[in-house]
Structure formats: C-alpha cells, structure tokens
Amino acid sequence: TGVEADRYAFRTPSLLNVAVTGPFSHAGAYSRLRDVVQHHITPRASAEDYDTSQLPAGTQIDNWMANTLRAVDQLEALQAAGSSQLPVTDIDQVEVGYLVAFLETLTDDCLLDSQCIGQWVPSVTDSDPDDLRVRAVDQNGNDLSL
C-alpha cells in the first residue's frame, strides 16, 4: 500500500477449509494448524523458538530471524498504539485447542471424499485440450491428480 503502518502486513486468506490447506503462514513456515495459531498469539516467542530444521532442504533462511523480528517489532508497535488488526491475545493452551477445533469445522466434508470432490477435479486421463491444466505434484514429482 505504500503506507508505513502496513509494512510487514499480510492479507489474511479465507479460513474456509483452512485445516486442509497447509503449510501455513505466508512462507509455509508451519505444517500444523495449531502451531500457526500459537504463532499469532505469541509471535515473538514463536519466532525465537522456531526450529528451522523442520523446513524442507534448500529453503532460503538467510536473515530470517532479523526479518521476522522486524515484522514482530512493527506488530508490537501497532498494538501498543491501538492500531493493529491483530490485538494482543492471552489465551491458554486449552483455549488454543478450542480455536483449532473451531477452525477445523470450517472444512467442507466434500474435500475429504475423493468421489465428492472428484466431480470438480479432472483426472489424469481427462483431456486437456489447451494444455493449461495445473497438475498437482508432490516434492518427488509424483502426480497427485485423482
């Protein structure tokens, strides 16, 4: 936006189906929904305790801590000024569990049933006349299409 107060801010995507759309965070830093929820509750502690060994080999992590702490500093300054969209939240681990359980309810059951979702997702054998179909593959290049 060019507005200094927006520096390090990220647009929040829809929470619909969030439980099945990991990895989470703008750079995919968290593989578990609970971990990213905890990160938003205690961002500084989360950054300071983050274990980069959980990231895939080859992930660029140069200056990650310095960059992350700059973002946390900005967030804390906005929170102190009362102008943050992410208020300071103090909830315990039981409440984090409740929040994660709520987020999991936002998943459409159809996504968990290949026959249901299959009616909207083309299979590998379906024609691709313009060769523009996006094909899902895993990290080893294996086709994940239905």
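What you see is a predicted model; the values in this text were computed from it and never measured. FYI, side chains are in, hydrogens and waters are out, and symmetry mates aren't considered; it's all heavy atoms of this structure. We count residues from 1, following the sequence as given.
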When rounded to the nearest 0.5 Å, the distance separating CD1 of Ile41 from CG of Leu99 is 6.5 Å
Tell me whether Leu112 is reachable from Ile117 by hopping between hydrophobic residues (I, L, V, M, F, W, Y) whose side-chain heavy atoms are closer than 4.5 Å. yes
For the side chain of Asp130 and the backbone of Leu132, is there at least one donor-acceptor N/O pair under 3.5 Å apart? yes
In this structure, CD1 of Ile91 is separated from OG1 of Thr42 (nearest 0.5 Å) by 9.5 Å
Cluster check Leu103, Tyr98: I/L/V/M/F/W/Y, side chain < 4.5 angstrom: no
When rounded to the nearest 0.5 angstrom, what is the spacing between CD in Gln60 and CG in Leu55? 11.5 Å
Give the minimum heavy-atom separation between Gln38 and Val96, together with the two atoms involved. OE1-CG2, 3.6 Å
Please report the interatomic distance OG1(Thr107) to CG(Leu111), rounded to the nearest 0.5 Å. 7.0 Å
Please give the remaining members of the hydrophobic cluster of Val3, linking ILVMFWY side chains under 4.5 Å, ordered by chain and number. none
I'd like a table of donor-acceptor pairs (distance under 3.5 Å, sequence neighbours excluded) in which one partner is a side-chain atom from residues 15-25, with atom names and distances.
from: Asn17; atom 1: OD1; to: Asp108; atom 2: N; distance (Å): 2.8
from: Thr21; atom 1: OG1; to: Val18; atom 2: O; distance (Å): 3.1

Output every pair passing disulfide (SG to SG under 2.5 Å) with a member in residues 17-84, not counting sequence neighbours, ordered by first then second residue. none
Please tell me whether Val37 and Leu106 are part of a single hydrophobic cluster in this structure, the criterion being side-chain heavy atoms less than 4.5 Å apart. yes
Does any pair with a residue in residues 76-90 pass side-chain hydrogen bond (donor to acceptor under 3.5 Å, both in side chains), and if so which ones, sequence neighbours excluded? Arg44-Glu76
Could you report the tightest heavy-atom contact between Asp92 and Val94, atom names first, then the distance? OD1-N, 3.1 Å
For Arg7, what residues pass the salt bridge (charged side-chain N to carboxylate O under 4.0 Å, His left out) criterion, not counting sequence neighbours? Glu4
In residues 46-54, what donor-acceptor pairs under 3.5 Å come from side-chain atoms, sequence neighbours left out?
from: Ser46; atom 1: OG; to: Tyr30; atom 2: OH; distance (Å): 2.8
from: Ser46; atom 1: OG; to: His39; atom 2: ND1; distance (Å): 3.0
from: Tyr50; atom 1: OH; to: Ala29; atom 2: O; distance (Å): 2.5
from: Tyr50; atom 1: OH; to: Gln54; atom 2: NE2; distance (Å): 3.4
from: Asp51; atom 1: OD1; to: Ser53; atom 2: N; distance (Å): 3.0
from: Asp51; atom 1: OD1; to: Ser53; atom 2: OG; distance (Å): 2.7
from: Asp51; atom 1: OD2; to: Ser53; atom 2: OG; distance (Å): 2.9
from: Gln54; atom 1: NE2; to: Asp51; atom 2: O; distance (Å): 3.2

